[in-house]
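Written out below as structure tokens is the structure these notes cover.
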Amino acid sequence: MCPEIVIGSLHIDSTNLFHLIGSVGLLIYCLFTRKRYNISKPMAVFYSVVLVLAGLIEFKIMGEIQSILIKLVSDGQIELGPSRRIIGVLIFQPVFIYLLSRFTGDKFRKIADFIAAGTLICFVFGKIACFMDGCCYGFPDPNGLYSAEYKGLVFPVQLYESLSTIPVVILLTVLLSKKINLRKGCLFPIASIGYSIVRIFWEN
């Protein structure tokens, strides 16, 4: 685990770095696929930036919800403190997409489809950020990787989740083909289901 990357006198927060890489990946992907949705370059950039910023809020909201619930069920014995949960993006992103659709006049389903694969690209790098930070580690594993948080070897669940999300992005890209007559608005739910299956498999 490496929460900070040091290059000479330069100190870079690895979490912020990989979140930035994921955001750039989302933007590039959306610029390449925008014509499929008849979205202009400025609007593609606008949607990408706004929904990335929304995602940063969404996983903090989910972290707060989880912290409150754990505190409640443990009768106040367990307090997580500030935390972030990437799954919050899948839960709250449709709300932000709906608000965007009302603001821009574009259809909700169109924006949701447009941003679906890019969102999972952010997840690929977001889980690497988790690994570098040392949070969300798996079970103790003698064949695993060292965790400074656990102070021992653990199963690197974040890396497996990151790698396994890539095929879901590829599937979503294949489904963009004009030869596949998919109902509008299906891609975001498919992305959510695909990532959830990956996460449930590795978390368990």
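Reckoned from all heavy atoms, side chains included, excluding hydrogens, waters and symmetry mates. Not measured: the values here are computed from a predicted model.
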*Starting from the C-alpha separation in whole Å, work towards a yes-or-no answer on side-chain contact (heavy atoms from CB on, under 4.5 Å) for Ser192 and Leu90.*
CA-CA 6 Å; Ser192 299; Leu90 298 183; 3.7 Å; yes
_Side chain proximity check, Ile39 to Lys110, heavy atoms < 4.5 angstrom_ = yes
*Do Tyr160 and Phe201 have their ring centres less than 6.0 Å from each other?*
no
*Which residue pairs pass the side-chain hydrogen bond (donor to acceptor under 3.5 Å, both in side chains) test with at least one member in residues 18-46, sequence neighbours excluded?*
Tyr29-Thr173
_Listed partners of Ile70 passing side-chain contact (heavy atoms from CB on, under 4.5 Å), at least two apart_ = Gln66, Ile78, Leu80
*Backbone N or O of Val124 within a donor-acceptor pair of the Ser162 side chain at under 3.5 Å?*
yes
*What is the minimum heavy-atom distance between Gln158 and Cys130, and which atoms define it?*
NE2-O, 3.7 Å
*asked:* Once ring pair (Phe, Tyr, Trp, His ring centres under 6.0 Å) is applied, do any residues pair with Tyr47, and if so which ones, sequence neighbours excluded?
replied: none
*Where is the tightest heavy-atom contact between Lys60 and Leu56, given as atom of each residue plus distance?*
CG-O, 3.4 Å
*For the atom pair CE (Met62) and CD1 (Ile57), what is the distance rounded to the nearest 0.5 Å?*
16.0 Å
*State, to 0.1 Å, how close Ile86 and Gly126 come at their nearest heavy-atom pair, and which atoms those are.*
CD1-CA, 4.4 Å
_Which residue in the set Leu100, Thr104, Leu99 passes side chain to side chain contact (heavy atoms under 4.5 Å, CB included) when paired with Val50?_
Leu100
_Quick check: is Ile170 connected to Ile28 through a chain of hydrophobic side chains (ILVMFWY, heavy atoms under 4.5 Å apart)?_
no
*asked:* Quick check on the hydrophobic clustering: are Phe155 and Ile200 connected, directly or via other members, by side-chain heavy-atom contacts under 4.5 Å?
replied: no
*Show your working on side-chain contact (heavy atoms from CB on, under 4.5 Å) between Leu159 and Leu145 and close with a plain yes or no.*
CA-CA 11 Å; Leu159 295 183; Leu145 298 175; 4.1 Å; yes
*asked:* Check for me, please, whether Leu20 and Leu53 land in the same ILVMFWY cluster - side-chain distances under 4.5 Å, paths through other members count.
replied: no
*Using a side-chain heavy atom cutoff under 4.5 Å and only I, L, V, M, F, W and Y, what cluster partners does Ile193 have?*
Ile197
*Mind checking who shares a hydrophobic cluster with Ile68, ILVMFWY linked at side-chain heavy-atom distances under 4.5 Å?*
Leu72
_Within-4.5 Å side-chain heavy-atom neighbours: Ile190 and Val168_ = no
*How long is the span from the CE atom in Met132 to the CG atom in Asn16, to the nearest 0.5 Å?*
12.5 Å
Using atom types as modelled, flag every donor-acceptor pair under 3.5 Å from a side chain in residues 113-123 to any protein atom, sequence neighbours excluded.
unit_1: Asp113; atom_1: OD1; unit_2: Gly185; atom_2: N; d: 3.3
unit_1: Asp113; atom_1: OD1; unit_2: Cys186; atom_2: N; d: 3.3
unit_1: Asp113; atom_1: OD1; unit_2: Leu187; atom_2: N; d: 2.9
unit_1: Asp113; atom_1: OD2; unit_2: Gly185; atom_2: N; d: 2.8
unit_1: Thr119; atom_1: OG1; unit_2: Ile115; atom_2: O; d: 2.8

*Measure the spacing between CZ of Phe32 and CG of Leu27 and express it to the nearest 0.5 Å.*
10.5 Å
*asked:* For the CZ atom of Arg199 and the OG atom of Ser164, what is their distance to the nearest 0.5 Å?
replied: 12.5 Å
*Let me see the working for Glu161 and Tyr195 under side-chain contact (heavy atoms from CB on, under 4.5 Å), right down to the final yes or no.*
CA-CA 8 Å; Glu161 283 182 25; Tyr195 176 75; 3.4 Å; yes
*Measure across Ala54 and Gln93 and return the closest heavy-atom pair with its distance rounded to 0.1 Å.*
CB-OE1, 3.9 Å
_Pairwise distance CZ(Phe125) to CG(Leu17) - rounded to 0.5 angstrom_ = 10.0 Å
*With the 4.5 Å side-chain cut-off for hydrophobic clustering, are Leu176 and Val174 part of the same group?*
yes
_Could you measure the distance from the CD1 atom of Ile111 to the CZ atom of Phe96? Nearest 0.5 Å is fine._
13.5 Å
*Verdict with supporting geometry, Leu51 and Val89, side-chain contact (heavy atoms from CB on, under 4.5 Å)*: CA-CA 10 Å; Leu51 290 171; Val89 176; over 6 Å; no
*For Pro94 and Phe108, which heavy atoms make the closest approach, and how far apart are they?*
O-CE1, 3.3 Å
